[in-house]
Amino acid sequence: MNLLPRRYHRIKQVLDKRQPDLTVLTEDVHKPHNLSAIIRTCDAVGILDVHTINKTDEFPTFSQVSQGSDKWIFLHTHPDIRTAINYLKHKNFKIYAAHFTDQSLDYREIDYTQPTAILLGAEKWGVSEEAANLVDGNIIIPMLGMVQSLNVSVAAAVILFEAQRQRLAKKMYDTSRLDATIYHKILFEWSYPTLAREYQKKEVNYPSLGENGEIIS
Ligand code: SAM
């Protein structure tokens, strides 16, 4: 029943680096391989939550590209872009749309050590006008070649690794940034997913975990 100590410590190591105040919001990014690649990058950067709205699909699906990283990210779907943006604003996030406008800032000018959400637009149409008007600012990755834009998952990676660079410099990955109650809840769910569901069904609190992840009843 108990999981291997090595696995438990690996899970803890990853959770210790998760950044609850850095997130991504996707607007109608509907191709599973793009969403999967974005999720995989989020995992690598230490993002815990990803937000999405999708007018076409009921629920976004993942492809092989995610390499299972979708298990380690919480995906929140919102009914529409206004609701999603309001939700993030309410949580004190500054929201920057990766979006081409005359006023867009170079993505390296943003301070990503503050609570930040990056809005990414649809493969074909980009960020909607409605969303662009609701966010705190627009950013671009300068394009110096013949094509006008990057693939959305590539744009996500470029911006998110700049955020990671800034946060590493500020030592924001050195100690856990999660609230203790949330930390222990996620740690149990990631360590014992099947058991966690049973506890949830019974509406019983999760048990404590020992030094090596053993269940202490
Ligand atoms: N024709 C669309 C447009 O004008 O926005 C292109 C969409 S692009 C393939 C998909 C998304 O990737 C964009 O909405 C944006 O969020 C992001 N993106 C791609 N290249 C970018 C760049 N150079 N700077 C900022 N965001 C970019």
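Numbering of ligands and ligand atoms starts at 1, following listing order. Computed from a predicted structure; not experimentally measured.
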Candidate with minimal heavy-atom separation from atom 10 (C) of ligand 1, of Ala131, Ala122, Gly126: Ala122
Shortest non-hydrogen contact between Leu48 and Ile186, atoms and distance: CD2-CD1, 4.0 Å
Approximate separation, where rounding is to 0.5 Å, of Ile139 CD1 and His99 NE2: 12.0 Å
Which ligand 1 atoms does Leu120 reach within 4.0 Å, using its non-hydrogen atoms? 16 (O)
Looking only at non-hydrogen atoms, which of Leu150, Val147, Ile139 approaches atom 8 (S) of ligand 1 most closely? Leu150
Give yes or no for whether the N/O distance cutoff of 3.5 Å, strictly under, is met between Phe100 and ligand 1. no
For Val152, the atoms of ligand 1 under 4.0 Å from one of its heavy atoms are 10 (C), 11 (C), 12 (O)
Could you establish whether Ser104 and ligand 1 come within less than 4.0 Å of each other, counting only heavy atoms on the residue side? no
Give a yes/no on ligand 1: does Asn151 have at least one heavy atom closer than 4.0 angstrom to it? no
What protein heavy atom sits nearest atom 23 (N) of ligand 1, and how far off is it? Ile141 O, 2.9 Å
Side-chain donor-acceptor pair present, Asn138, Gln103, cut-off under 3.5 Å: no
Whether Glu27 lies under 4.0 Å from ligand 1, heavy atom: no
State, yes or no, whether a side-chain contact exists between Glu214 and Leu209 at a heavy-atom distance under 4.5 Å. no
Fit a plane to each ring of Phe188 and Tyr206, take the angle between them on a 0 to 90° scale, and name the class: parallel (under 30°), tilted (30 to 60°) or perpendicular (over 60°). parallel
Salt bridge or not between Arg108 and Asp106? Use side-chain N to carboxylate O under 4.0 Å. yes
Option whose closest heavy atom lies nearest to atom 11 (C) of ligand 1, chosen from Ala132, Ala98, Gly121: Gly121
May I ask whether Tyr87 and Ile73 are part of the same hydrophobic cluster, defined by side-chain heavy atoms of I, L, V, M, F, W, Y residues being less than 4.5 angstrom apart, directly or through others? no
Would you check if the side chain of Thr83 reaches a backbone N or O of Pro79 as a donor-acceptor pair within less than 3.5 Å? no
For Val127, the ligand 1 atoms with a heavy-atom partner under 4.0 Å come out as 14 (O)
Protein contact to atom 27 (C) of ligand 1 [nearest heavy atom, distance to 0.1 Å]: Ala155 CB, 3.7 Å
Proximal atoms of ligand 1 relative to Ile140 (non-hydrogen, under 4.0 Å): 24 (N), 25 (C)
Classify the contact between Lys124 and ligand 1 as side chain, backbone, both or neither, using a heavy-atom distance cut-off of under 4.0 Å. backbone
Are a donor atom and an acceptor atom from the side chains of Tyr173 and Asp16 found within less than 3.5 Å of each other? no
Show which atoms of ligand 1 fall inside a sub-4.0 Å distance from at least one heavy-atom site of Met143. 23 (N)
Please list the nearest protein heavy atom to atom 6 (C) of ligand 1 with its residue and the distance rounded to 0.1 Å. Ser149 OG, 3.8 Å
Before you tell me yes or no, could you show the steps for Leu25 and Leu120 under side chain to side chain contact (heavy atoms under 4.5 Å, CB included), namely the whole-Å CA-CA distance, both residues' side-chain angles and the distance that decides it to 0.1 Å? CA-CA 6 Å; Leu25 167 61; Leu120 297 154; over 6 Å; no
